[in-house]
Structure formats: C-alpha cells, structure tokens
Amino acid sequence: MTHKKTIINTMLVAALFGGINLAQAADVPAGTKLAEVQQLVKGNGSEPATLDPHKSEGDVESAILRDLFEGLVTSGPKGEILPAVAESWETKDNKHYVFHLRKDAKWSNGDPVTAHDFVFAFQRAVDPNTASPYSWYLEMPTIANATDIIAGKKQLDALGVKASDDYTFEVQLEKAIPYFVSMLSHTTTYPVPKKVIEQFGDKWTQPENMVSNGAYVLKKWVVNERIELERNKQYWDDGKTVINKVVYLPIQSTNAELNRYLAGELDMTKNTPIERFKQLKKDYPNELKVTGQVSTYYYQYNVRKAPFDDVRVRTALSYAIDRDVIADKVMGQGQTPAYGLTPDYVDGFKPVVADWAKLTQAERDAKAKALLQEAGFDASKPLKFELLYNTDDNHKKVAVAVASMWKKLGVQVSLVNQEWKTYLETKKQGQFDVSRAGWVADYNEASSMLDLMQSGHGNNDGKYANPAYDKLLSESRDQVDADARNQLYVQAEEILAKDMPIAPIYQYVIPRMVKPYVGGYPANPLDNLYSKDMYIIAH
C-alpha cells in the first residue's frame with residue numbers, strides 16, 4: 001500500500017503536534033499525527049557478541065549496527081539500493097567503481113566522514129590482525145589483492161581501494177561484478193573511526209567511547225538487559241529522522257518476548273512463538289507481519305569429523321527429514337520446504353528442484369535406511385551424535401521434531417543448546433557433529449547464498465570443500481550476463497545435492513509482531529530495518 005507523502009515543516013509540526021520540535025522531520029503520510037514520545041523498543045533475540053562492524057557475523061548484531069553506522073549505500077524498504085554516504089557512483093566496466101561521497105556526512109563527534117575512512121575500514125576488514133569473521137566478504141567480489149592480504153601474503157596498502165581525494169573513493173576488482181554495489185549496504189563495509197579505534201582499542205565500542213556515523217549513537221549498554229541508542233544530531237539526514245530513542249532488548253525466549261509485547265513493553269518483536277502463531281493471526285491480524293525472506297534454515301554437517309565425512313551418512317540424515325511436516329506442522333508460519341540452499345525469494349534466479357525432492361517421504365526414508373546400513377550403521381551399531389542449536393524456543397521445536405524423524409532410522413541424537421555467543425564460537429572451532437544453521441542473504445543475488453559453501457568462506461563452519469564447486473562460483477564472477485551466471489548457479493546446486501554438506505530444511509519467512517502505531521515498517525526481503533525510517537503515530 002502506498003501513501004502520498006509530505007515533508008512536515010516546522011510550523012506544521014508545531015501546529016499539529018503540540019509544539020514538538022520535529023522540524024523537517026520525516027517523510028510520513030499526509031495527515032499523520034505523530035506521538036509526543038518518539039521511542040521505539042525492539043526485541044532482538046540474544047545479547048550481541050560485539051558492536052564492532054568488522055567483528056560481527058550475525059543478525060543480532062547487524063540489527064543494531066544498521067542504526068549506528070552507515071555505508072556507501074543503504075537498503076530501501078523493498079531491499080532496493082539507495083545512496084547513503086555516497087551520493088552517486090559510476091563504473092564503465094563493472095571492475096573499477098568510483099564513489100562520490102556527500103560532503104555533509106559527519107561522525108557523531110562532528111568530524112567529516114571521508115574517503116580515507118572507507119579505505120581504513122576496508123583494509124581493517126581484511127587485516128589478519130582484525131580476525132574479522134567476515135573478511136571473506138571483501139574477498140568474494142574479488143577486490144584486488146584481498147585474498148593475498150587475508151592470507152598474510154601482501155600488505156594492507158595493496159588492497160584495491162583508494163581515496164583519490166577526501167570525497168572520492170575508488171574500488172578496483174579483479175573480475176567484473178555487476179552486482180557489486182548491492183553488496184555495499186552490509187555492515188562489513190561500514191566506515192569505522194580510525195583515531196577512536198587507535199585511542200581505545202577493543203574498548204572503542206563502549207558507550208562512553210563509541211563514535212559512529214549513522215542515524216543513532218550508542219548511549220547505554222547493560223549486558224543481557226538492554227542497549228539504548230539516541231538520535232545522532234550530526235547525522236547528515238537527521239532532519240528526516242523522527243524516532244529519538246531506540247531500545248534493543250535481548251530476549252532469547254520467543255514466548256517471553258511475546259508476553260512483554262502484549263504487556264506493552266515492546267513495540268516490535270524479533271520473532272513469534274510457533275505454538276501461538278495461529279491465535280495471534282486470529283486475534284491480532286493487523287499486528288502480525290509475515291514477510292518472505294531471502295534465507296534458508298538448514299542443518300550443517302561437520303564433514304571433517306567421522307562419520308559425517310561419509311556422504312552416505314549425510315545423505316541418509318537429510319533424506320529422513322520430512323520437510324513438509326517441519327514447514328507446515330512444526331513451524332506453520334508460512335515457511336516452505338527447502339531442498340536446496342538458494343530460496344525462491346532471491347532476485348533473478350529460480351532454483352531447480354533436486355531429483356531427491358521429487359520422491360515421496362516413504363521413498364526417501366527407505367533410501368535413508370539403506371544408506372545407513374551401507375555405511376555400517378544398524379540396530380546393533382546405531383549412529384549416535386550431538387545436534388547443536390542456539391538457545392531459542394523455535395529452534396528447539398525443530399530439533400525435537402527432526403530427532404524423532406531420525407529415531408525411526410535407529411539414530412540416537414543428543415540435543416545440545418548454547419547461548420548465541422558460545423554457539424558461534426563452538427561452530428567456529430569445529431567442535432560439533434551436526435549444527436542448526438541459517439543463512440540470510442547479505443544482498444539479493446544467488447551468489448550471496450551459494451558462496452557460503454565455498455572452501456574459503458569464513459562461515460563455512462562444516463569445512464565442506466569441493467574444487468569443482470569452488471570453480472563454478474569463481475567462474476560465475478566472470479559472467480556479466482545474468483543468464484550465464486544462473487546456469488553456473490544451477491550446476492552448483494546440483495553439486496550440493498550430490499555431496500549433501502548441509503541438510504536444507506525450510507525457507508524462512510519473517511513473522512513479527514509490530515504495534516499498529518509503528519509507522520514506516522517495511523516488507524524488506526533481507527530484513528534490513530532502519531529505525532530512522534520509522535515513526536510512532538499518536539495512539
């Protein structure tokens with residue numbers, strides 16, 4: 001639904017909103033009466049592991065970082081790319097990109113945001129000393145020398161980025177990547193304040209030290225309780241910001257989060273509990289928002305650990321998962337069964353259904369039993385292992401359901417749950433058998449999903465490696481033509497279906513409760529939400 005929009009000027013605000021100083025506030029629908037208190041309280045799932053853009057790797061952190069920082073471009077309400085610190089950009093060959101920065105962009109301490117800040121940030125992201133879990137993100141689009149720098153073979157100044165002047169930032173790629181600009185709304189590409197980091201080291205992200213360039217600044221961080229942000233008066237587009245304060249609450253239990261929402265303590269949840277979804281749909285149809293998402297929920301095998309180094313074991317376990325039951329009965333929020341890594345929601349690519357997906361569940365179960373027996377597992381020697389998941393009511397329900405499906409094969413599964421930060425570290429260290437995982441595309445293109453299974457990818461925690469797969473993804477970066485790229489993507493999915501390094505389970509949707517007085521909530525397929533684009537309506 002679209003609305004005619006108007007920019008509210010100072011006089012109109014004073015007349016309509018009792019003198020609230022929202023001068024040149026935001027683009028809001030004409031006639032909207034804004035609330036006197038502009039505060040947004042969000043559920044955020046877990047306690048963030050970090051608020052350093054170059055050390056974060058999950059949606060828990062990204063949700064907050066999008067409010068605190070801003071990159072060259074940003075993501076619009078429908079996932080479209082919009083100018084941010086960069087007013088404009090151009091490329092003649094999809095290899096050399098030139099970004100022209102706005103001269104009114106400032107850090108929260110009043111210093112200008114310059115091209116030199118982006119050079120520092122990009123170099124810091126690939127610096128082995130930073131140990132960024134997302135250093136690969138600058139490697140995948142083939143930024144010149146990124147691979148060698150990450151491997152410690154070249155110096156930072158060899159990276160293909162430069163500031164030709166204070167407000168012109170240039171990037172040189174080794175291959176023509178037509179979708180490169182769409183990758184630059186990601187948190188790893190955000191600028192960070194060099195002098196602040198040099199002064200405070202790892203403590204630069206504490207509220208008393210942090211300097212940021214986004215619409216908000218960090219004011220309070222009480223671990224496991226709340227994070228509070230306040231409006232950044234130095235932000236170049238502050239005149240259009242309405243929300244003055246944003247509060248993030250780390251509530252791991254979806255039931256506890258919903259109860260606090262219904263009690264009026266939250267304006268927006270991160271998720272909704274499965275067992276209460278149907279009732280919520282009936283009782284709060286205008287508050288339950290369900291959006292399709294470019295993301296897939298899957299189980300990841302540690303392929304370097306026996307017996308998961310055996311493709312027969314991996315395939316058997318994957319076949320035995322009844323995805324229709326998981327999507328429709330266990331979840332039941334609009335999720336759809338997944339038989340590949342790339343979801344249907346991704347732009348410009350239609351995944352091809354794997355052959356095994358066309359079998360009935362009974363046929364898959366029969367094949368699964370035969371494969372396990374062939375691999376040496378039966379009633380006298382049952383397969384036993386641990387299934388790891390991060391603490392969350394919904395993840396637990398899926399794990400219990402899948403474990404019962406595996407039990408029919410004689411498989412004995414122990415469920416292990418860990419809080420978010422510990423779970424991330426356990427996976428990174430490879431100290432798991434099978435783990436729950438989910439991947440949300442960083443940009444809306446199939447490569448953002450398929451890159452995950454490359455041998456050099458920083459989030460390939462199962463350590464899957466297939467040279468043929470790597471070659472296909474590398475070749476895809478030589479293809480400017482979308483159809484030619486898609487053919488390579490289809491072949492990549494076929495390899496995954498054969499090797500089964502993961503067991504895709506379902507394609508995500510975003511089921512979230514949002515108060516009716518929260519204006520500007522978008523249907524963003526990447527779930528890139530920005531508090532600066534929202535506002536609280538008088539209620």
Side-chain angles (χ1 to χ4, degrees), residues 133-142 146-148 150-151 174-175 177 295-321 338-343 346 349 351-357 364 367-368 371-372 374-375 385 427-439 441-442 445-479 484-505:
Y134 252 74
S135 59
W136 58 265
Y137 194 76
L138 300 190
E139 184 181 14
M140 291 302 165
T142 70
T147 298
D148 285 343
I150 292 168
E174 292 169 358
K175 296 184 177 184
I177 308 294
S295 56
T296 300
Y297 191 106
Y298 59 94
Y299 280 171
Q300 184 172 49
Y301 302 112
N302 189 343
V303 300
R304 291 188 180 178
K305 189 174 184 180
F308 306 104
D309 56 347
D310 188 332
V311 66
R312 295 170 299 184
V313 172
R314 301 195 300 267
T315 303
L317 293 174
S318 185
Y319 280 5
I321 300 172
Y339 297 94
L341 180 57
T342 311
V346 73
F349 176 66
V352 175
V353 178
D355 289 339
W356 65 273
R364 287 198 288 264
K367 285 181 175 289
L371 284 167
L372 276 185
E374 191 180 313
F385 62 89
K427 286 182 63 182
K428 194 178 299 180
Q429 297 300 325
Q431 297 173 346
F432 67 96
D433 298 328
V434 181
S435 173
R436 170 264 154 191
W439 191 252
D442 295 310
E445 214 268 347
S447 60
S448 187
M449 299 298 298
L450 294 170
D451 281 347
L452 178 65
M453 290 293 104
Q454 288 193 94
S455 57
H457 196 287
N459 289 84
N460 179 1
D461 296 321
K463 302 304 179 188
Y464 167 70
N466 183 321
Y469 185 88
D470 288 350
K471 186 171 183 287
L472 284 171
L473 268 296
S474 179
E475 288 175 359
S476 76
R477 283 178 254 285
D478 288 320
Q479 297 293 343
R485 283 203 309 278
N486 286 341
Q487 288 302 314
L488 297 172
Y489 294 155
V490 168
Q491 293 176 51
E493 285 280 13
E494 288 172 346
I495 289 177
L496 293 182
K498 181 182 177 183
D499 290 353
M500 209 68 80
I502 63 170
I505 299 178

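Here, residue 1 is the first one in the sequence, and each next residue gets the next number.
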On a heavy-atom basis, which atom in P504 and which in I502 lie closest, and how many Å separate them? CD-O, 3.4 Å
Please name all residues satisfying salt bridge (Lys or Arg N to Asp or Glu O under 4.0 Å) with K498, sequence neighbours left out, ordered by chain then number. none
Could you pull out all residues at least two apart from A375 that satisfy side chain to side chain contact (heavy atoms under 4.5 Å, CB included)? D310, R312, V313, F377
V346 to A446 - nearest heavy-atom pair and separation: CG2-N, 3.5 Å
Which distance, rounded to the nearest 0.5 Å, do you find between the CG of N459 and the CD of Q454? 12.5 Å
Checking Q300 against S435 for the side chain to side chain donor-acceptor pair (under 3.5 Å) test, could you report, in this order, the C-alpha distance in whole Å, the side-chain angles of both residues, the deciding distance, and whether it holds? CA-CA 5 Å; Q300 184 172 49; S435 173; 5.0 Å; no
I'd like to know if the side chain of T147 and the backbone of E139 have a donor-acceptor N/O pair within less than 3.5 Å. no
Mind checking the CG-NZ spacing from D433 to K305? Nearest 0.5 Å is all I need. 4.0 Å
Could you check whether any side-chain N or O of E445 sits under 3.5 Å from a backbone N or O of S447, counting only pairs where one atom can act as donor and the other as acceptor? yes
Between R436 and K427, which heavy-atom pair has the shortest distance, and what is it? O-NZ, 3.9 Å
S318 to A503 - nearest heavy-atom pair and separation: OG-CB, 3.6 Å
Looking at residues at least two apart in the chain, or sitting in another chain, which of them share a ring-ring contact (aromatic ring centres under 6.0 Å, His included) with Y137? Y134, H186
In chain order, what residues pass the side-chain hydrogen bond (donor to acceptor under 3.5 Å, both in side chains) check against Q487, with sequence neighbours excluded? none
Which value, rounded to the nearest 0.5 Å, describes the distance between T342 atom OG1 and M449 atom CE? 6.0 Å
Partners of K463 by salt bridge (Lys or Arg N to Asp or Glu O under 4.0 Å), sequence neighbours excluded? none
Flag, side chain of N302 to backbone of F432, donor-acceptor distance under 3.5 Å: yes
Interatomic distance, NZ@K471 vs CG@L473, rounded to 0.5 Å, equals 12.0 Å
If you take all heavy atoms of G456 and W136, which pair is closest and at what distance? O-CB, 4.4 Å
Applying side chain to side chain contact (heavy atoms under 4.5 Å, CB included) to L496 and E493, what does each step give before you reach the verdict? CA-CA 5 Å; L496 293 182; E493 285 280 13; 4.0 Å; yes
Under the salt bridge (Lys or Arg N to Asp or Glu O under 4.0 Å) test, residues paired with D470 that sit two or more places apart: none
Partner set under side chain to side chain contact (heavy atoms under 4.5 Å, CB included) for A306, not counting sequence neighbours: D309
Test ring-ring contact (aromatic ring centres under 6.0 Å, His included) applied to F385 - qualifying residues, sequence neighbours left out: F308, W406
Taken in chain and number order and not counting sequence neighbours, the residues that satisfy side chain to side chain contact (heavy atoms under 4.5 Å, CB included) with A465 are S455
Ignoring hydrogens and angles, tell me if any N or O in the side chain of Y301 forms a donor-acceptor pair with the backbone of R314 under 3.5 Å. yes
Taking R477 for its side chain and I177 for its backbone only, find out whether a donor-acceptor pair lies under 3.5 Å. no
With sequence neighbours left out, write down each residue that passes ring-ring contact (aromatic ring centres under 6.0 Å, His included) with Y489, or none if nothing qualifies. F349
Spatial distance of atom CG (D451) from atom CH2 (W439) [nearest 0.5 Å]: 9.5 Å
Residue list, side chain to side chain contact (heavy atoms under 4.5 Å, CB included) with K428, at least two apart or on another chain: E57, P133, E425
Tightest non-hydrogen contact, residues D461 and G458, listed as OD1-O, 4.1 Å
How many angstroms lie between CD in E475 and NZ in K175, if you round to the nearest 0.5 Å? 8.0 Å
Residue list, salt bridge (Lys or Arg N to Asp or Glu O under 4.0 Å) with K367, at least two apart or on another chain: none
